[in-house]
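The block underneath contains the structure these notes are about, expressed in structure tokens.
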Amino acid sequence: MQLSREQIESYRRDGYLFLPAMLSAEEIAGFHAALPALFSQDTPRRILETDGVTVRSHYGAHADDSRYGALVRDARMLQPARQLIGDAVYAYQFKINSKLAFSGECWAWHQDFIYWQREDGVPMPHMTTVAVFLDEVNEFNGPLVLVPGSHAAGVIDVESRAAKPAAYADSPDWVASLTADIKYSVPQATVAMLAAANGLVAPKGPRGSLLFFHPNLVHASAANISPFDRIVALATYNSVQNLPLHGDRRPDFLCSRDFAPLESLPACPTDHHRHLAEA
Ligand code: SIN
Ligand code: MN
């Protein structure tokens with residue numbers, strides 16, 4: 001699937017591109033079916049909310065679940081990612097943020113690239129992230145909130161928070177990037193200034209919608225106080241010419257060592273499974 005010139009221009013100007021209802025209900029049902037097995041794994045790849053019980057995120061499902069492996073190669077994600085980055089790409093990071101009803105916690109205001117630059121040594125923001133809505137995202141269940149155009153500010157130089165949150169005292173240091181109280185957050189005054197100039201947007205839409213966003217776009221999301229889950233999978237693609245300089249400091253589920261350029265699969269889910277079966 002190729003983006004039009006207007007869509008590419010809109011992404012370059014605003015730092016995001018929203019494509020509602022791109023995946024079918026059948027495909028989304030398959031992704032949901034994989035979740036109980038993934039979320040029940042007791043592994044460092046599973047991050048819990050501060051209550052120590054609720055699943056906040058799961059990392060790296062694309063590497064060992066065929067459905068998510070097919071998702072990162074899906075032409076509806078991969079071809080636009082290649083166009084937006086202008087190069088062949090590999091899967092840098094893949095996560096599922098569950099943001100469950102009544103319990104999903106917030107994501108503070110931040111840019112993603114500062115983590116990948118400072119923690120992993122990625123040279124350039126030649127990356128894009130696609131959020132795949134596995135649930136309807138509405139105004140109640142903690143949609144991603146974006147400051148349009150804020151990617152043009154580049155990396156905003158912020159201090160890292162000194163310590164891990166108390167609830168994660170026994171966890172490895174890298175957990176500090178993944179919790180509600182994240183390591184590099186954009187100061188409120190900076191968010192206020194950017195939002196005064198550009199406003200805020202919160203793309204909302206049905207299951208199967210895709211939201212592409214630039215790694216320097218300032219974004220956040222509120223806690224989910226609603227009775228509706230907000231499960232979103234996020235695939236981050238990086239240019240194969242932009243490899244991390246110290247990509248072995250964090251686990252590979254945060255900074256992948258598999259730099260092989262991704263080849264796209266056809267969009268039809270039946271074909272995905274046939275292709276995987278033959279591989
Ligand atoms: C993110 O910032 O990477 C995700 C935020 C969210 O899931 O709302
Ligand atoms: Mn983020």
Classify the ring geometry of Tyr59 against Phe253: parallel below 30°, tilted from 30° to 60°, perpendicular beyond 60°.
tilted

Starting at CD of Gln79, measure out to CE of Met1 and round the result to the nearest 0.5 Å.
8.0 Å

Would you say the side-chain atoms of Asp258 pair up with the backbone N or O of Asp252, donor to acceptor, closer than 3.5 Å?
no

Can you check whether Gln83 reaches Gln2 side chain to side chain, under 4.5 Å on heavy atoms?
yes

Let me confirm one number: the CG-CD distance from Leu134 to Glu27, rounded to the nearest 0.5 Å.
11.0 Å

So, Tyr11 versus Phe212, ring centres under 6.0 angstrom or not?
no

Would you call Leu243 and Tyr90 a side-chain contact if the rule is heavy atoms closer than 4.5 Å?
yes

When you look at Arg45 and His58, which way does the side chain to side chain contact (heavy atoms under 4.5 Å, CB included) test go after all the steps?
CA-CA 6 Å; Arg45 294 160 47 170; His58 181 283; 3.6 Å; yes

Tell me whether the count of non-hydrogen atoms from other residues, nucleotides or ligands lying under 6.0 Å of CD in Gln188 goes above 12.
no

Any idea which heavy atoms bring Leu146 and His219 closest together, and the distance?
CD2-CB, 3.7 Å

Does the distance from a Lys or Arg side-chain N to an Asp or Glu carboxylate O, for Asp51 and Arg56, drop under 4.0 Å?
no

Looking at Met77 and Val132, what are the two nearest heavy atoms and their distance?
SD-CG2, 3.6 Å

Spell out, as yes or no, whether a donor-acceptor pair under 3.5 Å connects the side chain of Asp120 to the backbone of Gly247.
no

Does any N or O in the side chain of Arg257 come within less than 3.5 Å of the main-chain N or O of Cys255, such that one atom is a donor and the other an acceptor?
yes

So among Arg249, Lys183, His246, which one has a side chain to side chain donor-acceptor pair (under 3.5 Å) with Glu119?
Lys183

Atom pair CZ/CG of Phe18 and Leu144 - distance to nearest 0.5 Å
10.5 Å

Contact summary for Leu19 and Gln7, nearest pair of heavy atoms:
CD2-NE2, 3.5 Å

May I ask you to decide if Val72's main-chain N or O and Tyr237's side chain share a donor-acceptor pair within less than 3.5 Å?
yes

Side-chain touch Leu200/Val147, heavy atoms, less than 4.5 angstrom
yes

Please report the closest heavy-atom contact between Ile156 and Ile114, naming both atoms and the distance.
O-CD1, 3.7 Å

Under 3.5 Å: donor-acceptor pair, side chain of Ser209, backbone of Ala21
yes

Treat each ILVMFWY residue as a node, draw an edge where side-chain heavy atoms are under 4.5 Å apart, and state whether Leu78 and Val130 are in one component.
yes

Is there a donor-acceptor pair under 3.5 Å between the side chain of Ser239 and the backbone N or O of His126?
no

May I ask whether Met127 and Phe259 are part of the same hydrophobic cluster, defined by side-chain heavy atoms of I, L, V, M, F, W, Y residues being less than 4.5 angstrom apart, directly or through others?
yes

Establish whether Phe31 and Leu234 are linked, either directly or via other cluster members, by ILVMFWY side-chain heavy-atom contacts under 4.5 Å.
no

Checking Leu23 against Leu71 for the side chain to side chain contact (heavy atoms under 4.5 Å, CB included) test, could you report, in this order, the C-alpha distance in whole Å, the side-chain angles of both residues, the deciding distance, and whether it holds?
CA-CA 10 Å; Leu23 307 184; Leu71 179 62; 3.9 Å; yes

Is there a continuous path of hydrophobic side-chain contacts, each under 4.5 Å between heavy atoms, that joins Leu211 to Phe140?
no

What pairs of residues pass the side chain to side chain donor-acceptor pair (under 3.5 Å) test when at least one of them lies in residues 189-204, not counting sequence neighbours?
none

Sub-3.5 Å donor-acceptor pair from the side chain of His151 to the main-chain atoms of Arg12, do we have one?
yes

Answer yes if Leu38 and Ile28 sit in the same cluster of Ile, Leu, Val, Met, Phe, Trp and Tyr residues linked by side chain heavy atoms under 4.5 Å apart, and no otherwise.
yes

Sub-4.5 Å side-chain heavy-atom contact between Asn224 and Leu100:
no

Using 0.5 Å steps for rounding, measure from the CE atom of Met22 to the CG atom of Asp74.
8.5 Å

Do any N or O atoms from the side chain of Ser221 and from the backbone of Cys106 form a donor-acceptor pair under 3.5 angstrom?
no

Any side-chain heavy atom of Gln241 within less than 4.5 Å of one from Met124?
no

Separation of Tyr16 OH from Leu84 CG (nearest 0.5 Å)
14.0 Å

For the pair Ser150 (side chain) and Val218 (backbone), establish whether a donor and an acceptor sit closer than 3.5 Å, ignoring hydrogens and angles.
yes

Any chance you could lay out the side chain to side chain contact (heavy atoms under 4.5 Å, CB included) test for Asp229 and Asn141, step after step, and finish with the verdict?
CA-CA 7 Å; Asp229 292 341; Asn141 62 0; over 6 Å; no

Taking the six-membered ring for Trp, are Tyr115 and Tyr184 parallel (under 30°), tilted (30 to 60°) or perpendicular (over 60°)?
perpendicular

Tightest non-hydrogen contact, residues Leu217 and Gly15, listed as CD2-O, 3.6 Å

Taking side chain as C-beta onward, heavy atoms only, is Trp116 less than 4.5 Å from Pro244?
no

Any Gln111 side-chain heavy atom under 4.5 Å of Pro125 side chain
no

Check: Arg46 side chain, Gln41 main-chain N or O, donor-acceptor pair, under 3.5 Å:
yes

Between Ala61 and Ile96, the two heavy atoms sitting closest are CB-CD1, 4.1 Å

Any chance the side chains of Glu49 and Ser103 put a donor and an acceptor closer than 3.5 Å?
no

Which distance, rounded to the nearest 0.5 Å, do you find between the NE2 of His214 and the CG of Asp14?
12.5 Å

From CA spacing to verdict: side chain to side chain contact (heavy atoms under 4.5 Å, CB included), Trp109, Val145:
CA-CA 9 Å; Trp109 288 105; Val145 182; 3.8 Å; yes

Only one of Lys99, Arg207, Arg230 forms a salt bridge (Lys or Arg N to Asp or Glu O under 4.0 Å) with Asp135, so which one is it?
Arg207

Check whether any side-chain heavy atom of Ile231 lies under 4.5 Å from a side-chain heavy atom of His32, and answer yes or no.
yes

